[in-house]
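Basis for what follows: all heavy atoms, side chains included, without hydrogens, waters or symmetry-related copies. Chain identifiers are assigned alphabetically (A, B, ...) following the order of the sequence lines, protein sequences preceding nucleic acid strands; residue numbering begins at 1 within each chain.
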Protein chains: 2
Amino acid sequence: MSYSTRQREAILNTLRRADRPLTPQEIREGANADSAGIGLATVYRALKTFMARKEVLLVEIPGNPPCYEPADRGHHHHFVCDRCRHIFDLRGCVQDLDTLVPRDFSVQRHDITLYGVCAACGTGEG
Amino acid sequence: MSYSTRQREAILNTLRRADRPLTPQEIREGANADSAGIGLATVYRALKTFMARKEVLLVEIPGNPPCYEPADRGHHHHFVCDRCRHIFDLRGCVQDLDTLVPRDFSVQRHDITLYGVCAACGTGEG
DNA sequence: CCAGAATTGAGAATAGAGTATCATGTGTAG
DNA sequence: CTACACATGATACTCTATTCTCAATTCTGG
């Protein structure tokens with residue numbers, strides 16, 4: 001049994017509203033805009049509950065703090081801007097990943113992260 | 001100026017001897033087999049020095065502790081066994097990664113990590 | 001509305017990775 | 001060989017991310 005609370009609603013809404021994975025801090029700030037006074041511990045507890053229900057996914061990108069996003073966005077990967085450090089969702093995937101491993105290995109999932117410069121950062125400068 | 005010491009030699013040899021990225025702890029153990037008494041701080045200091053010289057690379061894989069490997073292994077990616085948690089080097093890469101991003105984004109590098117079951121773990125069980 | 005279970009906020013506590021400190025030991029140029 | 005900068009080992013410490021604690025509050029079913 002888990003209760004539905006205004007805090008959890010605000011947290012989930014914040015995640016859904018965002019177009020990219022958010023850090024617990026960012027989630028807290030967004031959720032407090034909806035419903036003030038939400039503590040970081042509550043964010044972590046809610047994320048844990050949502051992850052157990054497979055409603056939220058953890059997005060771990062080397063060099064960036066852990067982020068979370070709704071699980072209903074389908075299979076996708078991420079782009080990290082080396083300048084602003086923001087994470088962007090990408091659509092699509094690539095083929096032939098299985099060919100990279102020896103025949104006696106079985107591949108069950110994969111992560112792809114692209115790094116570079118996003119549109120905003122690339123336009124602003126040279 | 002940096003000196004060549006028995007500790008650093010042992011650390012570098014350990015990294016070269018391995019066929020996969022190692023954690024600082026694993027490096028320490030391996031290096032101590034060569035030359036006893038090497039402390040963890042020394043391992044970190046040596047790794048820092050080697051990374052500054054681009055002789056060693058940091059390999060960060062979500063869900064696994066940070067690992068290090070020699071930089072002369074060329075462009076490659078990694079496979080993580082979900083059972084034994086070991087990291088394996090993979091050869092080859094995939095094409096068309098640039099097509100995943102909007103035209104006004106520029107991709108400068110990428111990480112690909114495959115997860116599944118390695119040969120040893122897959123053979124041992126069903 | 002009521003009871004009891006679940007949740008919350010705040011801050012302390014923990015965990016893991018890496019760094020600082022400092023007295024001592026070692027490598028290298030000359 | 002000598003001087004001296006650099007490196008080492010042990011340990012304490014920092015930093016960041018996350019969990020725990022606990023009293024107080026909020027849900028939900030009936």
Side-chain angles (χ1 to χ4, degrees), chain A residues 1-15 20-53 55-69 78 80 85-87, chain B residues 1-15 20-53 55-69 78 80 85-87 111 113:
Chain A
M1 344 265 91
S2 78
Y3 296 162
S4 168
T5 65
R6 68 181 174 84
Q7 290 90 340
R8 291 187 178 183
E9 289 309 306
I11 288 165
L12 210 44
N13 283 336
T14 299
L15 287 169
R20 61 185 175 81
L22 301 178
T23 63
Q25 283 291 353
E26 290 172 325
I27 295 167
R28 187 169 89 104
E29 287 155 24
N32 274 304
D34 281 15
S35 180
I38 299 177
L40 197 51
T42 298
V43 173
Y44 277 106
R45 279 183 295 230
L47 290 172
K48 197 174 186 182
T49 299
F50 296 149
M51 286 200 288
R53 290 187 204 150
E55 293 176 10
V56 164
L57 294 177
L58 171 61
V59 178
E60 284 187 275
I61 305 225
N64 279 63
C67 293
Y68 299 81
E69 70 180 0
H78 298 98
V80 181
R85 288 276 106 194
H86 276 239
I87 298 176
Chain B
M1 343 271 93
S2 77
Y3 296 161
S4 168
T5 64
R6 70 182 173 82
Q7 290 91 338
R8 292 187 177 186
E9 289 309 307
I11 288 166
L12 209 44
N13 282 337
T14 299
L15 286 170
R20 61 186 176 80
L22 301 178
T23 63
Q25 284 292 355
E26 290 173 325
I27 294 166
R28 189 169 88 104
E29 288 156 23
N32 273 305
D34 281 15
S35 180
I38 298 176
L40 197 52
T42 299
V43 173
Y44 277 107
R45 278 183 295 232
L47 289 172
K48 197 173 186 183
T49 300
F50 296 149
M51 286 200 288
R53 289 187 204 150
E55 292 176 10
V56 165
L57 294 178
L58 171 61
V59 178
E60 285 186 277
I61 305 222
N64 279 62
C67 293
Y68 299 81
E69 70 181 358
H78 299 99
V80 181
R85 287 277 106 194
H86 276 234
I87 298 175
D111 284 341
T113 308

Report task. Measure from the side-chain heavy atoms of P24(B) and tell me the nearest of dA17(D), dT7(C), dG18(C). Result -> dG18(C)

Query - From dT8(C), dA17(C), dA6(C), nucleotide with atom closest to T5(A) side chain - result: dT8(C)

Report task. Kindly compute the distance separating OH (Y68(A)) from CD (E26(A)), expressed to the nearest 0.5 Å. Result -> 12.5 Å

**Report entry** L40(A) CG to E29(A) CD distance, which is reported to the nearest 0.5 Å
**Finding:** 10.0 Å

Query raised in the report: With distance as the sole test, does N64(A) use its side chain to make a donor-acceptor pair with the main-chain N or O of R85(A) at under 3.5 Å?
Result: yes

Taking 4.0 Å as the cut-off, does a side-chain nitrogen or oxygen of [X] come that near to OP1 or OP2 on [N]?
{"X": "R8(B)", "N": "dG27(C)", "result": "no"}
{"X": "Q7(B)", "N": "dG25(C)", "result": "no"}
{"X": "Y3(B)", "N": "dG25(C)", "result": "no"}

Would you mind reporting whether [Y] and [X] have side-chain heavy atoms less than 4.5 Å apart?
{"X": "R20(A)", "Y": "L22(A)", "result": "yes"}
{"X": "C67(B)", "Y": "I61(B)", "result": "no"}
{"X": "S35(A)", "Y": "Q7(A)", "result": "no"}
{"X": "R53(A)", "Y": "T49(A)", "result": "yes"}
{"X": "T5(A)", "Y": "T42(A)", "result": "no"}

Query - 5'-most by nearest nucleotide on DNA chain C - Y68(B) or S2(B) - result: Y68(B)

Query raised in the report: For DNA chain C, whose closest nucleotide is more 5', that of P65(B) or that of S4(B)?
Result: P65(B)

Query raised in the report: Going by heavy atoms closer than 4.0 Å, what residues in residues 38-49 of chain B are next to DNA chain D?
Result: I38(B), G39(B), A41(B), T42(B), R45(B)

Grab the [atom1]-[atom2] distance between [X] and [N] for me, whole Å please.
{"X": "R6(B)", "N": "dT28(C)", "atom1": "CZ", "atom2": "C1'", "value": "17 Å"}
{"X": "I11(A)", "N": "dT7(C)", "atom1": "CD1", "atom2": "C1'", "value": "11 Å"}
{"X": "N64(A)", "N": "dA17(D)", "atom1": "CG", "atom2": "P", "value": "10 Å"}
{"X": "R28(B)", "N": "dG18(C)", "atom1": "CZ", "atom2": "C1'", "value": "14 Å"}
{"X": "Q25(B)", "N": "dG9(D)", "atom1": "CD", "atom2": "P", "value": "14 Å"}
{"X": "E9(B)", "N": "dT8(D)", "atom1": "CD", "atom2": "P", "value": "11 Å"}

**Report entry** Electrostatic pair E55(B):R8(B) at N-O distance under 4.0 angstrom
**Finding:** no

Report task. Please round to 10 degrees the angle between the axis of the first five pairs and the axis of the last five pairs in the helix from dC1(C)-dG30(D) to dG30(C)-dC1(D). Result -> 50°

